[in-house]
Amino acid sequence: MTSPAPKVRLDRQHCRELLHQMIRIRRFEEKCAELYTQEKIRGFLHLYIGEEAVAVGVMQALLPDDAIVATYREHGHALVRGVSAGRILAEMYGKQEGCSRGRGGSMHLFDAATRFYGGNAIVGGGLPVATGLALADAMLSRARVTACFFGEGAVAEGEFHESMNLAALWQLPVLFVCENNLYAMGTALDLSESQTDISAKAASYNIASEAVDGMNVVNVEAAARKAASAIRETGKPYFLECRTYRFRAHSMFDPQLYRDKAEVEEWTEKGPIRRFTQWALEAGELHEADLQDIEAIVAQEVAEAVAFAEAGTWEPVADLMRHVGAERQP
Amino acid sequence: MTSPAPKVRLDRQHCRELLHQMIRIRRFEEKCAELYTQEKIRGFLHLYIGEEAVAVGVMQALLPDDAIVATYREHGHALVRGVSAGRILAEMYGKQEGCSRGRGGSMHLFDAATRFYGGNAIVGGGLPVATGLALADAMLSRARVTACFFGEGAVAEGEFHESMNLAALWQLPVLFVCENNLYAMGTALDLSESQTDISAKAASYNIASEAVDGMNVVNVEAAARKAASAIRETGKPYFLECRTYRFRAHSMFDPQLYRDKAEVEEWTEKGPIRRFTQWALEAGELHEADLQDIEAIVAQEVAEAVAFAEAGTWEPVADLMRHVGAERQP
Amino acid sequence: MTLMSYREAARGAIRDAMQADSRVFLMGEDVGHYGGCYAVSKGLLEEFGPQRIRDTPLSESGFTGAGIGAAMGGMRPIVEIMTCNFSLLALDQIMNNAATIRHMSGGQFHVPLVIRLATGGGRQLGAQHSHSLEGWYAHIPGIRVLAPATVEDAAGMIAPSLADPDPVLIFENALLYNDTAEIEWPVAADIDHAAIRRHGTDISLITYGGSLGKSLAAAEQMAAEGISAEVLDLRVLRPLDDDAIMATIAKTRRCIIVDEGWRSGSISAEIMARVIEQGFWHLDAPLARLCSAEVPIPYAQHLEMAALPSVDGIIAAARTVLGR
Amino acid sequence: MTLMSYREAARGAIRDAMQADSRVFLMGEDVGHYGGCYAVSKGLLEEFGPQRIRDTPLSESGFTGAGIGAAMGGMRPIVEIMTCNFSLLALDQIMNNAATIRHMSGGQFHVPLVIRLATGGGRQLGAQHSHSLEGWYAHIPGIRVLAPATVEDAAGMIAPSLADPDPVLIFENALLYNDTAEIEWPVAADIDHAAIRRHGTDISLITYGGSLGKSLAAAEQMAAEGISAEVLDLRVLRPLDDDAIMATIAKTRRCIIVDEGWRSGSISAEIMARVIEQGFWHLDAPLARLCSAEVPIPYAQHLEMAALPSVDGIIAAARTVLGR
Ligand SMILES: Cc1ncc(C[n+]2csc(CCOP(=O)(O)OP(=O)(O)O)c2C)c(N)n1
Ligand SMILES: Cc1ncc(C[n+]2csc(CCOP(=O)(O)OP(=O)(O)O)c2C)c(N)n1
Ligand SMILES: [Mg+2]
Ligand SMILES: [Mg+2]
């Protein structure tokens, strides 16, 4: 396996790929929101809309053998990583064709084939696990990266602190990706951190760190490539703060009392899809036809995902007690 | 109540007081060690010998209304704060005349009269509590300081991180005193922290911080006075790292496999009592007679403490269930 | 009488307490600007300001410990841990400090702290967000554990909890927040006793929190079949109201415990043990319990429903106990 | 046969496992340079080096979670949490990750992690250092809970725990570390079944861990009075070996459960509940249990002794049950 190059090669094909991936997430999640109101999807649903550039950019730097640990806001990560839209949606339907057999739901997407270790709904809870996955790699001398995504809200948790220290102390190959969207539910960053420069906090553990415009997919990709190749080379952790924004409510229950419409609009202007599209068109890397193409492909993918989820089946109730422990040979 | 001056006034009386307090701790604990081998004291016994300058120095900056939160290595703090040696020793005997009625033991000295909030044996467990005591002061507009003592080992705990952030974010009047004695049980600082400059870590929370020679009682006092008056003035937290060393084993069970005798001897040379005595004698602030005087007074105090503890009584077994909850009026 | 929801009842009681005593304040994640994860504290920030309706960072151990310290420092904090699922992060502070400081200090210090936590499953939130831990917490000496199951108790338990000199944990089942009832304001509730919510003679359904509604519904359906079920709402999980438990059993001589906790080591086991210890082992029928299946709660609706106690399950269990 | 201590037995089994499988490693506070808080791992750092005998910072949640990740990443970690008192800090990782990931992932991932923790009171360590939480942990689906009470089990349970594809918690009562016995090496023990440690006919003492010795001593003393007590060592607290429990009760028809956990919500309540559920409610005498008093464990020796189950207490309880 050859490592991804440490630099971005922004040719036409790659531009199209980046845009395609971002639009996949966007359209997929718009459909999810719709399905939620139809009660096809239940529980908590956290949309990633507005933050697509982060997952798309970072994933470019990862290889199949790398691992991913994400949060409850992980549809985008799973999609870009290669978990099929159909299996993700079937999961949200609670069907056994879902990527977690319907046991996990939106917040707990898992996929062994792509080393996608969830979907963790305890804020901060994924960080120690990611650290441990990297510890296994270090002990087995495998030059792999474990990418760990989390929100800026997680930074206040003790588990953040303990994980950062362990990863730095033991020099473990973790790519910590902080998706700083300025809010943890309704709590603004300056109400949760005495030091609001998150990447500066990372540096205090002696971890190489960088803050990047998380609304710019190329910037994210460039930073992630640099980070991942540093990790592969040194075995040490790296911290990437991606400054981004969620356009939608925290979950489907959130009346968004804590922020102005104007603020949301301002950020929407800077939207990662809008901005990249504009740039790519202007630069002549992409044409209107590409956009139409992408939208058509994505629309079909989403439609197929819905069909797949609809056609999915319910695991028999008799199986309730499965997957609590290993099935024992009689 | 007038605040202690922000500067040390090193006159003869004060020099004698500092030395007296350090020797009190030293002789008291030497007696404790002896009583432990006699099985008068049981459980875990953590001696502070070698670190006396920290408690003695810091306490000079505190007023009666201030609060203290300490660890399982807190005999010295309790003594200097004004809990009587007799009540402390009776506590270690398990007698009801003890400062926690025999319920707490060496690791859980408490004293309401001097606002001594324990004696916490969970590493890091006292930090959130101290933060909360300070929160009460802030909300009730009381210009008090809560001094929170903990070892450098606690710095790795999530509770450290959460408390530092809360105290800084909410601007709470906590004096965090890190007793950096280089080891957490047998784990050397560089095996526990990726960033071994502890006071630099504190700064990453935007807390004013300072490292001080913890073997020099005057330096500690000076730093503590500065810190405490800054806290009283601004209401904000302050972090003091006191670099010190424990001369004895971690507890009475520790074979000290993790460090050389030579290292211990080197530090013993720099002992806080030895050094301060030498200086005070040379500077003419104290004379040999003072030393003899102090030793005699302390010897008597320790002897009286032993007598008090020996004469103490056992709480009736019938009272076992007391102090689980408030006693209800019938 | 006022018609209000469980949510409004809790809010009203918190507001009253804050108006009555300036030492009372509420702190927790998103209690302020967001309006409360379950909207319990909606509007209180505007009314009381950010000092007393205090949004916290995501630091469960830190702010719970800060609540303990503030309580010892003279305040009367209400700490909201958004859900009991996250309270595991604060358990060291709860068990090793809140529950022990009075004892370790020989009675010199005490911790008048109220912790409110949402609890329970049934909303398709998956394994990490569907714990029912109230019965489990009831194992810990030094704390009081409450499970308000009615609109009245959602309000009425707040003031006595704040008056308690020791830590009180109030587990609010999240499915109840939308329940409504006509209640008299202000509400006076005690935090010592269980309450009979339906009188009956053939069998006792002993339950609490989120399972009370199911038990009442089951009792209603059974009535149609001529079975008279008594429903006892425990209300207080620690200390348990043994007298009330024994009284209903003495009356009906048959009993099912309905409990949303996992079966093994559940509070229903404790109740069964006490019934035996207190001499009721010559009942007319064995004690039975209906708990959650011993599985991390699955997301899929049909599986989740199968994992939790249900009205049908209660009726079936009752029939078995009654030999019908 | 080799004479060895419980401590040496645990060490020997860890050493064997590390020699047999390069994926096995030990991590925890002071397992290396200090030689292990209870000297279990003494000498192993020299033998296996700091990669595999890994001293951790004081970060219980962090390194327990790292153990979970490492296990999923292909290693076979043994995480030592110095004592169960500190495990509260790691409970989120244990309950929300270790115990649930297999389920949440629909069986795709599993966590072959072993956690060892010292447990128990009786050493005058006070309220924060004397918890007995093994019975309490046994409430959690998705984990296995072991309580080795003998030198043989201290050794023998390690290998099968490492072979278990799911998380196993091994609670070692700290008072047992100095116990010695002649044992056959290597030891083969299972982690599924309870074991009768003494055969008897009049009454069953059901117990585990630190209370086994007390129960055996009580049985010995009762034998002098002509009472024949059977002693069942549960060994495995989750899942409980119901067959063994029911078998001994079927035989003696009288039973006391001896359990160092706090009484309310203890595993002894669970055992009583199961006995009733499984049809033994027409015993010749009521089931009884002897647990710790519901108090944070006090420091003073006489109070601590009074709080914990004692040999005399067991005998007195047995006499009551036997009506003598
Ligand atoms: C330990 C814990 N506490 C509280 C919650 C409830 N909660 C879920 S998401 C969230 C906000 C997290 O914010 P952030 O980490 O910034 O991620 P974002 O949602 O913005 O992506 C909160 C408080 C939780 N899931 N886990
Ligand atoms: C949470 C927790 N983990 C582990 C322990 C066991 N333990 C007691 S003291 C100690 C070392 C603490 O070192 P440090 O904080 O540097 O304080 P020092 O003993 O050096 O004063 C450890 C590991 C504990 N008491 N609490
Ligand atoms: Mg956020
Ligand atoms: Mg230290």
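This one's a predicted model, so the numbers in the text were calculated from it and none came from an experiment.
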Query raised in the report: Quick one: what part of C:Ser61 sits under 4.5 Å from any heavy atom of chain A, side chain, backbone, both or neither?
Result: neither
Query raised in the report: Less than 4.5 Å apart, any side-chain heavy atom of C:His129 and any of A:Met107?
Result: yes
Report task. Would you check if C:Lys42 and A:Leu257 make a side-chain contact, meaning some heavy-atom pair closer than 4.5 Å? Result -> yes
Query raised in the report: Using non-hydrogen atoms only, which part of C:Leu45 is less than 4.5 Å away from chain A: side chain, backbone, both, or neither?
Result: neither
Query raised in the report: What part of A:Phe160 lies closer than 4.5 angstrom to a heavy atom of chain C: side chain, backbone, both or neither?
Result: neither
Requested in this report: Compare all side-chain heavy atoms of A:Thr187 with those of C:Pro57 and state whether any distance is below 4.5 angstrom.
Outcome: no
Report task. Name the region of A:Asp319, side chain, backbone, both or neither, that has any atom closer than 4.5 Å to a heavy atom of chain C. Result -> neither
Query raised in the report: C:Ser59 side chain to A:Glu157 main-chain N or O, any donor-acceptor pair under 3.5 Å?
Result: no
Requested in this report: Would you mind checking which part of C:Gln128 comes under 4.5 Å of any heavy atom in chain A, side chain (CB onward), backbone (N, CA, C, O), both or neither?
Outcome: both
Query raised in the report: How are the rings of A:Tyr258 and C:Tyr34 set to each other: parallel, tilted or perpendicular (split at 30° and 60°)?
Result: parallel
Report task. Output the option from A:Arg103, A:Met185, A:His108 having the highest count of non-hydrogen pairs under 4.5 Å with chain C. Result -> A:Met185
Report task. Determine the option with the most heavy-atom pairs under 4.5 angstrom with chain C, choosing from A:Glu159, A:Glu91, A:Met92. Result -> A:Met92
Report summary line: Under 4.5 Å to a heavy atom of chain C? For A:Leu189 that would be neither
